[in-house]
2 protein chains.
Amino acid sequence: MKDDETYRQRAEILKALAHPTRLWMVDRLAQGEECVCQFVEAAGVDFSTISKHLAVLKRVGIVEDERRGKQVFYRLQAPCVVGFFHCVDAVLREETTSECALCQQREETNELA
Amino acid sequence: MKDDETYRQRAEILKALAHPTRLWMVDRLAQGEECVCQFVEAAGVDFSTISKHLAVLKRVGIVEDERRGKQVFYRLQAPCVVGFFHCVDAVLREETTSECALCQQREETNELA
DNA sequence: CCATTATTTGGCTAAATCGCCAATAGTTGG
DNA sequence: CCAACTATTGGCGATTTAGCCAAATAATGG
């Protein structure tokens, strides 16, 4: 089942998250919606760059957008992705079994996939 | 804090996971260690391809390897990453708030980053 | 040690990604 | 409708990634 469609789809979502700027944007959106121009100002990069990053996140369903007047506001459609970071950071700190909430949860349910 | 080192490191880990073959390998390793040749046989791709994918996972600390005789065995060093899949699948199914264990957990702790 | 098996590494080309610039499109206010 | 503001899209060069092949490295058994 190596070329299972499921793995391809999961990879799409992880790939969409796997960029520093996009992770930064997700982090900000965890505290509430924000419009494109706010990201541009805070990041100091080109408008088109931010817009494309947001399009990547939108394409896989992590964020959704809403136009209000001239501005387009983005918010998290899948806020659970923020929970990833706990586990990612656990990997970074090499706390790979004890302190990661995900690990604990997994051991409880013993559900592997 | 757009160019924060933390975001760069998190992105490295997610990027390492963001490939169908590597996700498939992590899934297999969740059930126990496996040697390179087992992956090669099951995946039907080149030995060097599998080896390089495993190197990517090893580089960021998701797996570790151990040579035993002629073979090199890999096992999960950060088994918590398997927990990601629950959440990724929740995004895929658009069950973005209610059924994702991560979301529930997050709402409980109210810890966002 | 020599042949065999198991794995990694280097090299190559094709494809994808990134970030900028320029051009285009949607919205609002005069 | 035109000018201004906000955002998206297209396109370009530079960098990265993927997967194959061939060559190099590691371990074992004659």
Side-chain angles (χ1 to χ4, degrees), chain A residues 2-5 7-26 28-29 33-75 77, chain B residues 2-5 7-26 28-29 33-75 77:
Chain A
K2 174 205 155 291
D3 36 22
D4 193 335
E5 180 67 9
Y7 291 115
R8 207 194 52 70
Q9 291 182 313
R10 286 175 176 171
E12 283 301 307
I13 292 183
L14 290 170
K15 212 163 51 172
L17 282 171
H19 190 284
T21 303
R22 293 196 288 268
L23 289 176
W24 169 76
M25 295 198 291
V26 168
R28 285 177 73 105
L29 290 176
E33 65 176 14
E34 215 159 326
C35 79
V36 185
C37 58
Q38 289 176 289
F39 284 121
V40 172
E41 183 176 19
V45 299
D46 198 82
F47 226 116
S48 64
T49 302
I50 294 294
S51 181
K52 278 175 182 172
H53 279 310
L54 287 166
V56 170
L57 293 172
K58 182 183 168 188
R59 189 176 154 279
V60 298
I62 293 173
V63 303
E64 58 188 351
D65 61 343
E66 184 194 353
R67 174 146 231 151
R68 290 208 296 274
K70 293 182 202 169
Q71 298 174 324
V72 176
F73 288 85
Y74 282 82
R75 58 178 161 267
Q77 188 170 11
Chain B
K2 174 204 156 290
D3 36 21
D4 193 336
E5 181 67 10
Y7 292 115
R8 207 194 53 71
Q9 291 181 314
R10 287 175 176 172
E12 282 301 306
I13 293 183
L14 290 171
K15 210 163 53 173
L17 283 171
H19 189 284
T21 302
R22 294 196 288 267
L23 288 176
W24 169 75
M25 296 197 292
V26 168
R28 285 178 72 107
L29 290 177
E33 66 176 14
E34 216 160 326
C35 80
V36 185
C37 58
Q38 289 176 288
F39 284 122
V40 172
E41 183 176 18
V45 299
D46 198 81
F47 227 114
S48 65
T49 301
I50 293 294
S51 181
K52 278 175 184 174
H53 279 309
L54 286 166
V56 170
L57 292 172
K58 182 183 168 187
R59 190 175 152 278
V60 299
I62 293 173
V63 302
E64 58 189 351
D65 62 343
E66 184 194 352
R67 173 147 231 148
R68 290 209 295 275
K70 294 183 203 167
Q71 298 173 325
V72 177
F73 288 85
Y74 282 82
R75 59 178 160 267
Q77 188 171 11

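We name chains A, B, ... by the order of the sequence lines, and we start the count at 1 in each one. Just so it is clear, the model here is predicted, and its values are computed rather than measured.
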Next item on the list: On DNA chain C, check which nucleotide each of A/D46 and A/G69 is closest to and give me the residue with the more 5' one.
Entry: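 The 5'-side residue here is A/D46.
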
Rounded to whole angstroms, how far apart are [atom1] on [X] and [atom2] on [N]?
X     : N      : atom1 : atom2 : value
A/Y7  : D/dA18 : OH    : P     : 18 Å
A/K70 : D/dC5  : NZ    : C1'   : 4 Å
B/L17 : D/dA18 : CG    : C1'   : 17 Å
B/H19 : D/dT16 : NE2   : C1'   : 13 Å
B/I50 : D/dT17 : CD1   : P     : 18 Å
B/E41 : C/dA6  : CD    : P     : 10 Å
A/E66 : D/dA7  : CD    : P     : 13 Å
A/F39 : D/dA7  : CZ    : C1'   : 14 Å

Heavy atoms from C-beta onward define the side chain here; which of [options] lies closest to that of [X]?
X     : options                : answer
A/H53 : C/dC21, C/dG19, D/dC20 : C/dG19
B/Q71 : D/dT8, C/dT5, C/dT7    : C/dT7
B/V36 : D/dT6, C/dT8, D/dC21   : C/dT8
A/C37 : C/dT27, D/dA7, C/dC20  : D/dA7
A/R67 : D/dA7, C/dT9, C/dT7    : D/dA7
A/C35 : D/dA7, C/dT7, C/dG26   : D/dA7
B/S48 : D/dA22, C/dC20, D/dT8  : D/dA22

Notebook entry, point to check: C/dT17 phosphate, OP1 or OP2: any side-chain N/O from B/K15 under 4.0 angstrom?
Noted result: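 It does not, given that no N or O in the side chain of B/K15 lies less than 4.0 Å from OP1 or OP2 of C/dT17.
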
Check: Does B/T49 put a side-chain nitrogen or oxygen below 4.0 Å from OP1 or OP2 of D/dC20?
Finding: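 Result: yes.
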
Notebook entry, point to check: Quick one: which of A/Q38, A/R28, A/R68 gives a side chain to side chain donor-acceptor pair (under 3.5 Å) with A/E33?
Noted result: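 It is A/R68, the one option of A/Q38, A/R28, A/R68 that forms the side chain to side chain donor-acceptor pair (under 3.5 Å) with A/E33.
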
Check: Would you call the rings of A/F39 and A/W24 parallel, tilted or perpendicular if under 30° counts as parallel and over 60° as perpendicular?
Finding: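 Rings of A/F39 and A/W24: perpendicular, over 60°.
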
How is [X] classified with respect to the nucleic acid when contacts are heavy atoms under 4.0 Å: base, sugar-phosphate, or nothing?
X     : answer
A/Y74 : sugar-phosphate
B/R22 : sugar-phosphate
B/K58 : nothing
B/F73 : nothing

Checklist line | Polar pair under 3.5 Å, donor/acceptor by atom type, side chain B/K52, base C/dG10 | finding: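 Looking at the base of C/dG10, it does pair with a donor or acceptor on the side chain of B/K52 (distance under 3.5 Å).
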
Next item on the list: Would you check, one step at a time, whether the test side chain to side chain contact (heavy atoms under 4.5 Å, CB included) holds for B/L29 with B/V63?
Entry: CA-CA 9 Å; B/L29 290 177; B/V63 302; 3.7 Å; yes

Notebook entry, point to check: How close do B/L23 and A/Y7 get, heavy atom to heavy atom, and via which atoms?
Noted result: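 Nearest pair, atom of B/L23 first, then A/Y7: CD1-O, 3.6 Å.
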
Next item on the list: Looking only at non-hydrogen atoms, find the nearest pair between B/R22 and B/A16 and report the distance.
Entry: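 The answer is NE-O, 2.5 Å.
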
Check: Taking A/R67 for the side chain and A/G69 for the main chain, is one N or O donor matched with an acceptor at less than 3.5 Å?
Finding: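 Checking the backbone N and O of A/G69 against the side chain of A/R67, a donor-acceptor pair under 3.5 Å is found.
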
